[in-house]
Amino acid sequence: MKPATKFIHAGAHPDPSTGAIMTPIYQTSTFVQAAPGDHKGFEYARSQNPTRKALEEAFAIIENGKFGLAFSSGVAATDAVIKLLAPGDEVICANDMYGGTYRLFTKVFEKFGIKFTYVDTTIAANVAAAISPATKMVWLETPTNPLMNITDIEAIAAITKPKNLILVVDNTFASPYLQNPLDLGADIVMHSATKYLGGHSDVIQGCLMMNDPALREQLYFIQKSCGAVPGPMDCFLVLRGIKTLGVRMKQHCENGKIIAHWLAKHPKVGKVYWPGFESNIGYEIAKKQMKDFGGMISFELKDDSVEAARKVLSSTHVFSLAESLGGVESLINHPASMTHASIPREERIKNGLSDSLIRLSVGIEDAEDLIEDLAKAIG
Ligand SMILES: *Cc1c(COP(=O)(O)O)cnc(C)c1O
């Protein structure tokens with residue numbers, strides 16, 4: 001089945017009791033049993049809920065996986081993955097991951113004796129070189145936030161497979177429309193469903209997709225034991241969001257391309273980060289593993305100052321100044337003072353996050369309105 005059809009029909013079965021075409025919101029904590037142990041597959045809603053079950057089936061299908069699991073947030077999904085490990089185990093991860101992932105690893109899990117090694121994963125040899133006898137997992141994110149660095153998932157899988165390391169890919173930025181890491185050799189795909197999957201900036205949720213039944217069993221055990229499950233209303237919202245993922249992503253990509261090229265020609269704009277430019281280092285890999293280049297764009301101003309960036313950020317009207325991404329509406333954000341403010345300036349600059357860097361999550365409005373808005377704001 002082609003993606004757009006798959007996104008609409010994934011996990012959708014008419015409700016057995018009424019024939020309702022949309023999976024109902026099963027707002028219940030428990031399920032009545034006919035006799036002890038005689039139930040319809042649902043005992044208690046932390047362990048199973050019919051709305052969540054439909055969504056988890058959809059999650060599996062949209063990533064070409066066998067299994068899907070839903071969590072109460074993206075970081076809760078990440079938390080479940082790291083709980084597969086034990087003290088002494090090591091994880092190799094990208095050195096420019098999502099800030100919340102980095103915080104969870106360094107501030108929460110390090111004190112339980114799990115070690116995290118940060119490398120530039122865009123060079124696969126760095127990952128191979130960092131492997132020690134204690135390494136159990138490799139954690140990737142591609143494209144990254146906000147510099148859109150691209151890691152070759154197949155090349156990393158070629159390193160992790162022979163060593164039986166678990167390869168995890170945070171696929172939030174690409175969405176399953178653009179990239180399917182399980183097909184490229186990943187063992188677990190993680191998403192913040194808050195972003196493109198939900199797509200309407202109205203829900204916080206996370207998910208994991210996988211093929212290996214043993215991994216699914218372990219992660220399901222963690223899901224029900226630790227309890228970071230989403231409620232049925234949130235599951236319903238994400239199920240609904242996924243239906244339009246195909247049309248939304250097509251429009252995000254189309255608008256992203258128009259705006260990236262427009263920015264690149266603007267006299268006051270410096271470097272533009274967008275995976276679709278042939279001049280970008282990761283272009284060939286992006287072209288190989290992604291279907292299109294998405295609607296996430298970052299750019300610098302020629303006047304590389306916080307003040308110049310702030311002026312742009314407070315002058316847009318269609319782009320809203322906010323963190324997050326992947327919704328139908330366009331957002332604008334300033335990594336230096338918002339998402340990456342906790343990184344000391346020197347380190348931030350060293351990592352390529354300049355003072356004037358501005359990140360756009362291009363929505364699905366009319367591109368002409370978005371350009372007019374940016375033109376006025378940049379001046
Ligand atoms: C937002 C985000 C997360 C965290 O997800 P939440 O739903 O906010 O918990 C993880 N990874 C990436 C790339 C994200 O953008």
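Note that ligands are numbered from 1 as they come in the structure, with each ligand's atoms numbered from 1 the same way.
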Cationic tip of K195 within the cone over Y98's six-membered ring, i.e. under 6.0 Å and within 45° of the normal? yes
Out of S192, G326, A193, whose heavy atom is nearest to atom 5 (O) of ligand 1? S192
Among all protein heavy atoms in this structure, tell me which lies nearest to atom 10 (C) of ligand 1, with the distance rounded to 0.1 Å. Y98 CD2, 3.4 Å
Among all the protein's non-hydrogen atoms, which is closest to atom 12 (C) of ligand 1, and how far away is it? D170 OD2, 3.4 Å
Counting from 1, what ligand 1 atoms have a heavy atom of Q205 closer than 4.0 Å? 7 (O)
Could you work out, for atom 15 (O) of ligand 1, the closest of K195, E323, H191 by heavy-atom distance? K195
Does Y26 offer a backbone N or O that forms a donor-acceptor pair with the side chain of N49 under 3.5 Å? yes
Give a yes/no verdict on a cation-pi contact between R46 and Y44, requiring under 6.0 Å between NZ or CZ and the six-membered ring centre and an angle within 45° of the axis. no
Assign the ring pair F116 / F109 to parallel, tilted or perpendicular, where the plane angle (0 to 90°) is split at 30° and 60°. tilted
How does T194 reach ligand 1, by side chain, by backbone, by both or by neither, if only non-hydrogen atoms under 4.0 Å count? side chain
Check whether NZ of the Lys or CZ of the Arg K271 lies under 6.0 Å from the centre of the six-membered ring of F299 and within 45 degrees of that ring's axis. no
Between the main-chain N or O of G74 and the side-chain N or O of T78, is there a donor-acceptor pair closer than 3.5 Å? yes
Any nitrogen or oxygen of V75, side chain or backbone, less than 3.5 Å from one on ligand 1? yes
Distance-only N or O hit between ligand 1 and G74, under 3.5 Å: yes
